[in-house]
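Since the structure comes first, as structure tokens, the remarks are kept for the end.
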Amino acid sequence: MTELLLILVGAVLVNNFVLTQFLGLCPFMGVSGKVETAVGMSAATLFVLTLASACSYLVFHYLLVPLGLEYLRTISFIVVIAAVVSMTEMIMHKTSPLLYRILGIFLPLITSNCAVLGVALLNINQAHSFTESVLYGFGAAAGFSLVLILFAAMREKMQQCDIPEPFQGPAIAMITAGLMSLAFMGFTGMV
Amino acid sequence: MNLLPLLSSRNQTLTTAQIMLLVLVAALPGILVMAVFFGSGILMNIAWLILCAAVLEAVVLKIRNKPVRKSLGDYSAVVTALLLAVSLPPAAPWWLGLTGIFFAIVVAKHLYGGLGYNPFNPAMVGYAVLLISFPVEMTRWLLPSGAVAQLPDFSSVLSSFLGQTATTMDALVGATALDQFKLDRGSQTIAEYWTDNPLFGTLSGTGWEWINAGFLAGGLYMLYRNIITWHIPAAVLGTMAMMALLFYDGGSSASHGSPFFHLFGGAAMLGAFFIATDPVSGPTTNTGKLYYGVLIGLLIYSIRIWGSYPDGVAFAVLLANFAAPGIDHFIRLSKQGSSHAE
């Protein structure tokens with residue numbers, strides 16, 4: 001139980017995927033303009049990442065390992081993730097139009113989020129069990145969401161700042177992300 | 001400058017300059033106690049950082065074509081310099097202070113547009129940069145006078161400031177109370193530990209409890225003068241005390257220290273009253289301030305106990321700064337939600 005809790009806290013805060021492992025930076029910079037879109041992206045990522053880490057665990061341990069094809073893991077995980085995203089999109093489109101409207105545009109974007117592939121590969125590297133893999137995926141997505149939403153709120157507030165011209169836009173966003181990463185160093189050593 | 005408002009209890013509307021001056025006055029007791037325990041090194045830090053801050057501020061304002069005199073006259077750079085200076089080890093080398101104040105004034109403050117816009121507390125940005133980049137220099141604290149060591153004389157303070165490692169200084173520096181408590185305690189119970197280490201006073205290490213008491217007095221003065229509200233300090237200190245009480249088991253070898261040890265150790269009071277209360281980088285509503293304070297208290301205690309840094313005030317404040325716009329956003333949303341429901 002403590003083990004599982006540590007995995008969760010580790011993935012959300014201590015080894016935060018965006019601010020300490022620097023994965024998933026494209027959506028972090030791209031979708032953090034407004035809080036509403038950040039929340040939508042977060043929900044979609046939470047859903048897909050948890051599902052994809054479960055699927056990639058199954059594919060690795062019940063398909064690749066028996067066939068002796070472990071070296072194909074990267075390419076097969078990419079296929080698995082793309083398949084999971086497309087399946088989710090189609091099923092959601094049919095069954096829950098509301099959810100589809102909220103998450104719709106963000107779903108295809110997740111395919112290119114390197115954090116998803118990162119989680120799948122790290123799960124194999126760290127020899128996580130099935131439960132641990134799912135929890136690690138969920139924690140990674142929760143940490144991503146937390147940072148993304150807070151960053152979006154901060155960027156909305158920064159709209160009113162009198163930022164010197166050369167630093168406006170992405171430049172100051174990068175500097176802010178750097179300072180946030182500095183703050184996350186405080187969690188070092190907790191897990 | 002009219003100094004009369006420093007003495008009256010209620011203010012009408014104070015200018016930024018007057019508020020900043022009051023903050024400087026409120027910090028005096030804590031600084032005086034620090035000077036008693038750590039000697040002239042701490043005053044050297046303060047003088048050097050204020051000089052650097054003023055020059056950097058003037059240069060940046062000049063580059064940005066802003067009125068230099070008006071902005072320098074609001075003393076905000078002086079307050080930032082002071083807060084960073086008391087966080088540095090006494091008689092820190094000159095380049096350490098200069099690097100820190102550069103990140104505080106230029107990166108954390110002026111890249112975001114200057115006073116009133118900085119999303120992170122400038123002094124704490126400077127401190128965190130230094131702690132991560134120069135961990136050795138940042139943990140060379142002087143041993144407080146009286147307990148086990150003599151204070152260094154002025155000439156060794158000066159040579160240490162100039163960057164020469166004087167051998168006379170090496171004998172006089174050591175870890176702070178929180179550092180030692182965390183790393184070198186072994187399996188002693190707290191009572192045994194106190195008797196074995198003359199460095200420590202009754203509560204939280206010789207000197208440190210008096211330094212914290214000094215900053216507490218200054219903080220209460222700021223409350224009395226309505227410069228800060230009670231929400232953030234009360235939430236920070238209350239949460240720290242609650243956490244310490246929750247994980248305190250009466251002083252066994254696995255104990256994490258009493259609530260008194262945590263409230264009067266390290267930078268607790270300085271953080272709660274002077275650093276966390278920065279109005280620009282915190283939330284705007286009173287409810288938001290309570291959440292913000294609780295978050296800081298939780299983080300300080302967690303970093304002190306479970307993290308790898310001895311004190312967590314700087315990181316806790318930066319993390320809470322990061323969360324502050326989000327806190328404001330969701331409080332605004334829930335207010336809108338409840339007014340729609342009516």
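Just so it is clear, the values below take in all heavy atoms, side chains as well, and ignore hydrogens, waters and symmetry mates. Residue numbers start from 1 in every chain, and the chains themselves are labelled A, B, ... in the order their sequence lines are given, proteins ahead of strands.
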* **Atom pair OG (Ser308(B)) and CE (Met185(A)), whose distance is rounded to the nearest 0.5 Å** =>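 Going from OG on Ser308(B) over to CE on Met185(A), the span is 9.0 Å.
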
* Nearest-0.5 Å distance, OG1 of residue Thr284(B) to NZ of residue Lys157(A) -> 8.0 Å

* Asked: Based on non-hydrogen pairs under 4.5 Å, which of Leu319(B), Ile327(B), Leu318(B) is most in contact with chain A?
  ->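 The answer is Leu319(B).
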
Compare all side-chain heavy atoms of [X] with those of [Y] and state whether any distance is below 4.5 angstrom.
X	Y	value
Ile149(A)	Phe330(B)	yes
Met180(A)	Asn321(B)	no
Phe315(B)	Thr188(A)	no
Pro164(A)	His110(B)	no
Asp162(A)	Tyr112(B)	no

Side chain, backbone, both or neither of [X] within contact of chain B (heavy atoms, under 4.5 Å):
X	result
Leu19(A)	side chain
Glu156(A)	side chain
Val147(A)	both

Would you say that more than 12 heavy atoms from the other residues, nucleotides or ligands in this model lie under 6.0 Å from the [atom1] of [X], or not?
X	atom1	result
Phe184(A)	CZ	yes
His93(A)	NE2	no
Phe138(A)	CZ	no
Ile75(A)	CD1	no
Met242(B)	CE	no

Heavy atoms only: give me the nearest [X]-[Y] pair and the separation to one decimal.
X	Y	answer
Ile163(A)	Leu111(B)	CG2-O, 3.4 Å
Phe151(A)	Phe322(B)	N-CE1, 3.9 Å
Leu182(A)	Val125(B)	CD2-O, 4.1 Å
Met154(A)	Pro119(B)	CE-CB, 3.7 Å

* Would Met158(A) and Tyr117(B) count as a side-chain contact (heavy atoms from CB on, under 4.5 Å) if you check the C-alpha gap in whole Å, the side-chain angles of each, and the deciding distance to 0.1 Å? -> CA-CA 8 Å; Met158(A) 273 159 48; Tyr117(B) 296 117; over 6 Å; no

With a 4.5 angstrom heavy-atom cut-off, could you sort out which part of [X] is near chain A: side chain, backbone, both or neither?
X	value
Leu131(B)	neither
Val129(B)	both
Val280(B)	backbone

* Flag the one option from Gly189(A), Ala152(A), Ala183(A) with the top tally of heavy-atom pairs under 4.5 Å to chain B. =>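 The option with the most such pairs is Ala183(A).
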
